[in-house]
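The structure under discussion appears below in the form of structure tokens.
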Amino acid sequence: MTRQLAKPRLECAAMSDVFGKTFAAQMSVAYYRDGEWEQPKLQPTGPMQMHPASHVLHYASECFEGLKAYRRADGGVHIFRLDKHIERMRNSARQLCLPVPSAEMLNSAIMTLVDSVRDQIPAFPSALYIRPTLIGMEPNIGAAGKAVSEAMLYVLVSPVGEYFTSERTLKLLVTSSRRTTEDFGQVKTGGNYAAALRHVIDARQQYQADQVLFAPDDDVQETGAANFLLLNDKRILTKQLDGSILPGITRDSLLTLAQDQNFSVDERSFGVAEMLEWIKDGEAALSGTAAVLAPVGALIVNGVEHAVHGGTAGETTTSLRKQLTAIQSGEADDPHGWRIEL
Ligand SMILES: *Cc1c(COP(=O)(O)O)cnc(C)c1O
């Protein structure tokens, strides 16, 4: 099927500069009240009414997702691993005792909205970022210890450019601080970001670090918004999904691609000493929807900066990143069925 490439109606020229601030004119919205979800509806993106006592504003009953729709060179549009993102959002909602939207409802809210802005999706490597958000709306500050009886789901979409390019390497401050709790690490919730923010800002000010790598009790976990991987030309080492880290869908995709090529993939706990040993001749990288696979060029441990791969992007990191982006862009085949066609 060929489709006429429509000119994007959003201001896309300097998109990477405005990531997070440019939205499509429409969003998808659904309310939960009286024990059930209403059908999601499209409505103008803009300020919304909420009671100042709304549960989310006091007790942080909130979770979200971040995924992308891509326009391929053939003009077709797909969403990358929509089903996995829906499954994770439902798990986050469950952990937060929020009403859990059905997979069908989330699917149709996202698909309908993305379809309505189909012509505004910029060409790869730009994309349409999709941000489903679920919040507790019950106007009751006495409900701190209760599941909410009212909630709202909305989906924002925003055109985005590349977040981290493949050349720039990142500097991480390794800290023994905790990003979140043992079991809440797997929940994509604003509360985890609030808890990590002080660490991230301090690391930037004191060490010009780009991100903080959390390693509480000498357990190297992840950064504030991306998973952490150690790589070389034969092996990948990354923490196992034990509830303390976010089950990244980019992480899962990269590990799958690596396994396809007979890399040995080790998902287990490891400490700072093993990580420093690894980077003597290995690579390190961050994975996430925004970062894809972003090379780490330096780790700061106890005030000492350790270069990773001479501060440049490693071969395995670059190669895996290329393979994943080739699937996302439509340049390569999609052997695992990750592209959900629109
Ligand atoms: C969203 C997120 C990730 C990355 O997940 P992807 O599904 O790969 O985008 C990793 N860590 C944290 C803490 C996150 O919030």
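Positions are given from 1, in the same order as the sequence printed here. These numbers were taken from a predicted model, which means no experiment stands behind them. Whatever order the structure lists ligands and atoms in, that order sets their numbers, starting from 1.
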inquiry  = Residue by residue, ordered by chain and number, which ones reach under 4.0 Å of ligand 1 with a heavy atom?
reply    = His85, Arg88, Arg179, Lys188, Tyr193, Glu222, Gly224, Ala225, Ala226, Asn227, Leu246, Gly248, Ile249, Thr250, Gly288, Thr289
note = By ring pair (Phe, Tyr, Trp, His ring centres under 6.0 Å), Phe263 pairs with (sequence neighbours left out) none
remark   = Between Leu67 and Thr289, the two heavy atoms sitting closest are CA-CG2, 4.2 Å
For residues 26-41, run the donor-acceptor check on the side chains, cut-off 3.5 Å, and write out each pair with its distance to 0.1 Å, sequence neighbours left out.
from, atom 1, to, atom 2, distance (Å)
Arg33, NH1, Glu38, OE2, 2.8

ask   = In terms of the angle between their ring planes, are Phe80 and Tyr70 parallel, tilted or perpendicular, with boundaries placed at 30° and 60°?
value = perpendicular
note = Contacts of Arg235 meeting salt bridge (Lys or Arg N to Asp or Glu O under 4.0 Å) (sequence neighbours excluded), chain-then-number -> Asp266
inquiry  = Is the distance between the ring centroids of Phe214 and His199 under 6.0 Å?
reply    = yes
